[in-house]
Amino acid sequence: KSLIISVLVASKNFIMDNKFPGKDISSEDLKSKFPLVAKKNNNHRSTFEVAGAKFGEELITFAGPNMVESKELILDVAKNVKEIGANFLRGGAFKPLTFPYRNYKYTETREKGIKWLSEAKDKYNIPIITEVMEEKFIPLVAEVADIIQIGSRNMQNYPFLTACAKTQKPIMLKRHYGSSLRDWLGAAEYILFEGNEKVILCERGVSVPHTHRSTSRFLLDLQVVPAAKEVTHLPIVADPSHATFWRPWVRSMSLAGVAAGADGIMLEVHPDPENAAVDPLQPINYEEFRKLYPEMQNIYKKFWS
Ligand code: PEP
Ligand code: MN
């Protein structure tokens, strides 16, 4: 009998305050594993401004193609998403592509792409978020990007996180698709540890056996939005494009992301989605973005401001 009681007591303590390291977060983690990322009190929320966008105070949108395919494309997208209301132009010149084989359409534009992003930024007065994958390109990217994007695949590359953090540029840390919230926040702590406090988390879909469509590899984990907000003061953004990999689902998942409490939405927007060089099933077009933008803003205003 006493054995049963002690098992019950032990399991109650485990649930109330998980002292065992695992995928869940204990109160001890908040004190000793990620004290900088952890909320100092219940109402603690980071608000900060990047190029005029007030994170934590308004709904922030990031829009643009998957890849900076050409100068013409990125200038056209910059003009259109800026006019619709996007805060940031997104697009990768350095791309983590799953397989090493490239056809003519599928080639990273690298330094040239960064230059085109810079031209789009100057011409249309729109700030830039773009990914860097190698340490040697950090200075180049940091010169043009208003926010440095660290992709899912680099989420736990700790020396790389530290090197990006040292630029003192704002950083978006995308969640690895296999990462727990605990590991994700541990990675964010590496950035804050360098004195860089402008960190934005981005949920972009997790790997699970059931994704409801044979082409989708990921499931948008919107539950992580309120879960993160329970423990961290950092803003969190959702990326329904990468998560769903399927254009017809992007609108509903964007609206759900805002309803779930996301501080921003990252969207792939392309003038001709079917002919996008990378991931042509997921971008929405200008018309779809024009329709979705005010719908997202309305939900944010109704529930979160
Ligand atoms: C991207 O945003 O273009 C990207 C590659 O995202 P992720 O790292 O989430 O796959
Ligand atoms: Mn992409």
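Values reported hereafter were calculated over all heavy atoms of this structure, with side chains retained and with hydrogens, waters and symmetry mates removed. Atoms within each ligand, like the ligands themselves, are counted from 1 in listed order.
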Practice problem: Can you establish whether the number of heavy atoms outside His44 located under 6.0 Å from its atom NE2 is more than 12? | Solution: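 Yes, enclosed.
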
Quiz item: Going by heavy atoms, is Pro96 under 4.0 Å from ligand 1?
Solution: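 For ligand 1, residue contact (heavy atoms, under 4.0 Å) with Pro96 is present.
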
Within the 4.0 Å heavy-atom shell around [X], which atoms of ligand 1 are there?
| X | value |
| --- | --- |
| Gly151 | 8 (O) |
| Glu131 | 5 (C) |
| Arg204 | 7 (P), 9 (O), 10 (O) |

Quiz prompt | Charged tip of Arg217 within 45° of Phe245 ring normal and under 6.0 Å | solution =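 Judged by the rule (NZ or CZ under 6.0 Å from the ring centre, within 45° of its axis), Arg217 is not positioned above Phe245.
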
Practice problem: Report the member of Lys95, Arg90, Met266 with the shortest heavy-atom distance to atom 5 (C) of ligand 1. | Solution: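 Answer by nearest heavy atom: Lys95.
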
Exercise. Could you name the option among Gly205, Pro65, Ser152, Cys202 that has the heavy atom nearest to atom 7 (P) of ligand 1?
Key: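 That would be Ser152.
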
Exercise. State, without any angle test, whether Tyr293 and Glu295 hold a side-chain donor-acceptor pair at a distance under 3.5 Å.
Key: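 No donor-acceptor contact under 3.5 Å links the two side chains.
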
Quiz item: How far apart are the closest heavy atoms of Asp239 and Leu220, and which atoms are they?
Solution: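 So the two residues come closest at O-CD1, 4.2 Å.
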
Practice problem: Measure across Tyr177 and Ser152 and return the closest heavy-atom pair with its distance rounded to 0.1 Å. | Solution: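 Scanning both residues completely, I find the closest heavy atoms to be CD2-CB, 4.3 Å.
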
Practice problem: Sort out for me which residue in Ile128, Ile60, Thr130, Ile126 forms a side-chain contact (heavy atoms from CB on, under 4.5 Å) with Phe88. | Solution: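 Per the side-chain contact (heavy atoms from CB on, under 4.5 Å) rule, the option paired with Phe88 is Ile60, out of Ile128, Ile60, Thr130, Ile126.
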
Quiz item: So is Arg153 polar-close to ligand 1, meaning N/O to N/O under 3.5 Å?
Solution: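 In this structure, Arg153 places an N or O atom under 3.5 Å from an N or O of ligand 1.
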
